Amino acid sequence: MKSVFRISLLLWAVLCLLAPAAQAAKVKGPKKTKKDEVVTISTSLGDVRLILFDQTPKHKENFLKLAKSGFYNGTTFHRIIQDFMIQGGDPNSKDADPGNDGMGPASEQMIPAEIRPELHHKYGALAAARQGDFVNPTRASSASQFYIVQNHNGVPHLDGAYTVFGQVISGVDVVDKIAAQPKNMMDRPQTDIKMTVKVEKLKKKKITALYGYKYQ
């Protein structure tokens, strides 16, 4: 009887030792993947390729979903400001009324802000457009409109105010060309700069080899 009791005590002790390890295994983060998705924005002035950041999962998931569905195809870069940024992605830019470009759909859903201190508005940064603080104090993002930083020195004064969620890895010269196009007083290009967007999954090593982008 005593020996059985001792065995039970030993088993209980072993289980107590194993329990923390099992719990730790449960709380491990998601397994890192060896692949990533490259987004290509094609325009009449050339192609811009981007990667999206894992640190902003809601924005990444939303942008990829829209891109894969064909949502962005036929939209335009409707606002361009040289030495600042180029903005696009509004579905209103598909219609014949240039006056509503940038206003977004009336019932557009917003994406909660994912503003990260380590992600900056450097040259080629991809960020989400949004309404101003006075009507949008939580700084939630537009579900579709985005901008790409064209200033070669970046625009650090926007850090902490807008969600940066990606980076151009190829085609910054195309961003420069788009920003330099003739425009009207509302910063709208005089000739529509339409886009088509596709997504391609590649090994991270291949992305680094092709475009020089280094993963942390």
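All values below were derived from every heavy atom in this structure, side-chain atoms included, with hydrogens, water molecules and symmetry-related copies excluded. Since the model is a prediction, treat every value here as computed from it, not as a measurement.
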How close do [X] and [Y] get, heavy atom to heavy atom, and via which atoms?
X    : Y    : result
A125 : V164 : CB-CG1, 4.2 Å
V168 : V172 : CG1-CG1, 3.5 Å
L50  : I41  : CD1-CD1, 3.6 Å
H121 : Y147 : NE2-OH, 2.7 Å
G70  : K94  : O-NZ, 4.4 Å
Y123 : Q167 : O-NE2, 2.9 Å

Does [X] belong to the same Ile/Leu/Val/Met/Phe/Trp/Tyr cluster as [Y], with side-chain heavy atoms less than 4.5 Å apart forming each link?
X    : Y    : result
V38  : F71  : no
Y215 : L202 : yes
M195 : V199 : yes
V48  : V39  : yes

Quiz item: Who passes salt bridge (Lys or Arg N to Asp or Glu O under 4.0 Å) against D159, sequence neighbours left out?
Solution: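 With neighbours one apart ignored, the set is empty.
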
Quiz prompt | side chain to side chain donor-acceptor pair (under 3.5 Å) between Q82 and Q150, worked out | solution = CA-CA 7 Å; Q82 198 163 16; Q150 187 269 325; 5.7 Å; no

Quiz item: So, does N184 use its side chain to make a donor-acceptor pair with the main chain of D187 at under 3.5 Å?
Solution: yes

Quiz item: Would you say the side-chain atoms of N151 pair up with the backbone N or O of F84, donor to acceptor, closer than 3.5 Å?
Solution: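 Answer holds: no.
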
Separation of [Y] [atom2] from [X] [atom1] (nearest 0.5 Å):
X    : Y    : atom1 : atom2 : answer
T163 : R116 : OG1   : CZ    : 11.0 Å
L126 : F165 : CG    : CZ    : 3.5 Å
I178 : I148 : CD1   : CD1   : 7.0 Å
R79  : S93  : CZ    : OG    : 14.5 Å
H152 : K122 : NE2   : NZ    : 14.5 Å
D176 : L45  : CG    : CG    : 11.5 Å

Report yes if the side chains of [X] and [Y] come closer than 4.5 Å at any heavy-atom pair, otherwise no.
X    : Y    : answer
P156 : L158 : no
P189 : I193 : yes
Y162 : R130 : yes
V197 : T40  : no
H78  : D90  : yes
I80  : Q181 : yes

Quiz item: Between the side chains of D192 and T76, does any donor sit under 3.5 Å from an acceptor?
Solution: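 D192 vs T76: no donor-acceptor pair found between side chains.
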
Quiz prompt | D47 vs V174, side chain to side chain contact (heavy atoms under 4.5 Å, CB included): CA-CA, chis, key distance, verdict | solution = CA-CA 7 Å; D47 293 347; V174 177; 5.9 Å; no

Practice problem: Write out all pairs satisfying side chain to side chain donor-acceptor pair (under 3.5 Å) with one or both partners inside residues 193-211, taking only residues at least two apart or from two chains. | Solution: R49-Y211

Self-check item: Stepwise side chain to side chain contact (heavy atoms under 4.5 Å, CB included) test for V155 and H157
Solution: CA-CA 6 Å; V155 284; H157 65 278; 3.8 Å; yes

Quiz item: What do you reckon, is NZ of K183 surrounded by more than 12 foreign heavy atoms closer than 6.0 Å?
Solution: yes

Quiz item: More than 12 heavy atoms of other residues, nucleotides or ligands under 6.0 Å from CD of Q109: is that the case?
Solution: no

What donor-acceptor contacts under 3.5 angstrom involve side-chain atoms of residues 51-68, with partners at least two apart or in another chain?
from, atom 1, to, atom 2, distance (Å)
D54, OD1, K60, NZ, 2.7
T56, OG1, F53, O, 3.1
H59, ND1, E114, OE1, 2.6
H59, NE2, S141, OG, 2.8
K60, NZ, D36, OD1, 3.3
K60, NZ, L52, O, 3.4
N62, ND2, A143, O, 2.7
K68, NZ, E37, OE2, 2.6

Quiz item: Are F146 and Y72 close enough that their ring centers fall under 6.0 Å?
Solution: yes

